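Below is one structure, written out as C-alpha cells, with a few remarks after it.
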Amino acid sequence: MNRKGNRKTLVTAGIVLAIALLAVSLFVLGTDHQGENVGETSENAETPKDSEITANFEPTEVPTSPNTSTPTALDIMNRYNANLRPSATDDSYRTTYEVFVYSFCDSDGDRIGDLQGLISKLDYINDGNDDTSDDLGMTAIWLMPIMPSTTYHKYDVVDYCAIDPQYGTLDDFKELVEEAHKRGVAIYIDFVMNHTSAKHEWFEKACQGDEKYRNYYHFQKEKATGYAKAPGTGGDDAWYYECRFWDQMPDLNLNNPDVRQEFERITDFWLELGVDGFRLDAVKEYESDQKEVNVEILKWFADYVKSKKEDAYIVGECWTGADTYDAYVESGIDSTFAFAFSQAEGYIAKAVNQGNAPMYAKHLQESIDGPRSYNENAIPAPFYTNHDNARSAGYYTGENDLAKTKMGWALSLTMTGNSFLYYGEELGMGGSGDDENKRQAFRWSADENTEGMATALKAKKTIKNKYGSLEEQEKDGDSLYHFVKQVLKIRNASEVIRHGDYTYLEDVSGKEYCVIQKDFQGKRQYLVYNLAVGSQTLDLTEVCKDAKVFGIATALQEDIAWENGELVLPGYTLVVLE
Ligand code: CA
C-alpha cells in the first residue's frame, strides 16, 4: 500500500465513520444511555483506526484495500518493460558502475568501505540472473584506486602491485574478480601513471640522489610553476621536481624506457589477476599539454595491453573539450570520457534544465563520429557525473526537480558506447564543492549506524540529500532508483541502444521533445524523449507507424498511448519504439 492509497483509505474511512456516527448518535439519542457512549465514539472519530472501524461497523462498507489507488511510475513502466531481458554482452559496449570502495560498503566495522564489503553487494550491482529485477544489471565496475596510498582517495600510489590494507588483500581482490566474472561483470581498475606518491620507493631513492630513479621523474635545477623543491636539497644544491597536482604527487617521466618497463611489469601483474580493463588517470598531464607526446605514450600502453589481452578495455581521463579528448583515441586506447555531455554545464543538464531537446539531440552523433575520426574502433564513453563532479541531483531545483534528475539519467544511459554511472547517483545522493562531499557513504539505509554503512569520510559541509536511502527508495515506485533501474533495463536489453548510430529526426521533433533513430546491424529503434512537464502528441505515421513499444521510462505517473502512428507522450518520459 503506498502513501497515496493510505490517505485515500483514511478519507473514505472518515466519511463512513461520520455517517455511522450520525446513525449511532440518532440511535443513542433514542435510548437511556445518553452521554458516555457518544463521548467515547467522538474520541475514536479523531483517530480512526482500521481495526476499530471495522469492529464497530459493517465491514462491507469500509474498503480495506485501496483498489482505486493511482498506479506508480513503476507500475506503468512494468506494463512495458517486465519482459525485457539483457542481450548478450561480449564486447566493451557495457554499462559501468564507478565505485569508490572507501565509501561503498564496510565489512569489518571500521566504517571504511572495503573489497569484502563490495563483494557482499555484488548482487545489488548485478546478481547474474537475468530473470530477477532487484539488481541494477551493471556489466562492468570501475574501481577507483585500490593500491596502497597515503590518502583516503588513493590517487597517490605507494606500491603498484598490492591492495591498500584499508581495502583488504590480494586474495580479496581475486575473490572480487571471480565473483564479478561469475555475474558477467568486467572489472576495470584505476591506473595512475602520471605520478606516484612522494612515499613511493622510486621517489625516495631519487631524492637520495640515485641517478636511475632521478630519471624516473622530472628533476631540474630551475624553479618553475608546477614544481616543488626536492626534500633534502637546498641552497646551491637545490633541485626541483615536477608535481602538477600536489607536492606529494611527483610526476613520472613516461618517456623513460625504464619507467615504461616498470609499468609493463605492473600491467602483467593485474592482467594475471584477471582485470578486464584500465581507467587511465590524468592522461593529458603525462607531459602536460603536449598532445602528440601523450598520444605516443598511450600508444605504447595500448599496444602493450592489447598484446597481452586483446579485448582489454582502456579508457582515458582527458578532462578537456571534445576536440582534444577525441584526438587522444588515435593512440589506440578504446575511449576517452565524453566530458561534453557531463556535469551541470554539459549538453544533458542544459537540455533538461532548459527543456531544450535539440541541445542534446544535435550533438549525439558527434559523440561517435568524433572519436571514430581518429580511431575507427573507438568506443564512446558517455558519463554524466564522476567522483570529481558535483552530484547530479543538485543540477535541478524547484518544481519537477526529481523528474528532471530522472530524465538526466535517461539521456545519459541511452547513449551509445560504454556508459558510466557513478555510485549513489541512482539514489540522487547530494554532494558538491570539496571532493569529500562528492564521495560520501552510499546510502544503504537512512540510519548511519546500519551495518555496512561506510561513513568514515567526513564531508566538508552538510550534505543535502533530497531523496531517500536505498531502503526507502526500493519501497517507492515513484523513486529515482526505480526509474534509473528501468532505464538500465532498457539499455541492457538493447544492442541498438548500446551500439547504434544516431539520426536526429528533426522534422518530427519539437523544442521540448525529440525523436532519435538508432541503427545497428540492420536493426532500428526510435527513442522519443519529452523534456517538458506537459504531454506531447506526435504524429509518427511517416516514421514508424507499425512499430511496437520496446520499453518506457516515465518520471511521472501517466501512461503513454501509441496507436496507428500517433504517440501520446506524457511529461518527462522516454519511449523506445521498434
Ligand atoms: Ca572496513
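Atoms considered below: every heavy atom in the structure, side chains included; atoms not considered: hydrogens, waters and symmetry mates. First listed ligand is number 1; within each ligand, the first listed atom is number 1. Since the structure is predicted, the reported quantities are computational estimates derived from the model, not experimental observations.
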Electrostatic pair Arg183-Asp123, nearest N-O below 4.0 angstrom: yes
Face-on cation placement of Arg214 at Trp202 ring, 6.0 Å and 45° thresholds: no
Residue that, paired with Phe442, satisfies ring pair (Phe, Tyr, Trp, His ring centres under 6.0 Å) out of Phe100, Tyr97, Tyr124: Tyr124
Salt bridge present between Lys309 and Asp276 (N-O < 4.0 angstrom): yes
Side chains of Asn253 and Tyr216, donor plus acceptor under 3.5 Å: no
Sidechain N-carboxylate O distance under 4.0 Å for Asp171, Lys174: yes
For the Ca ion (ligand 1), every protein N/O/S atom that sits closer than 3.0 Å, waters excluded: Asp106 OD1, Asp108 OD1, Asp110 OD1, Ile112 O, Asp114 OD2
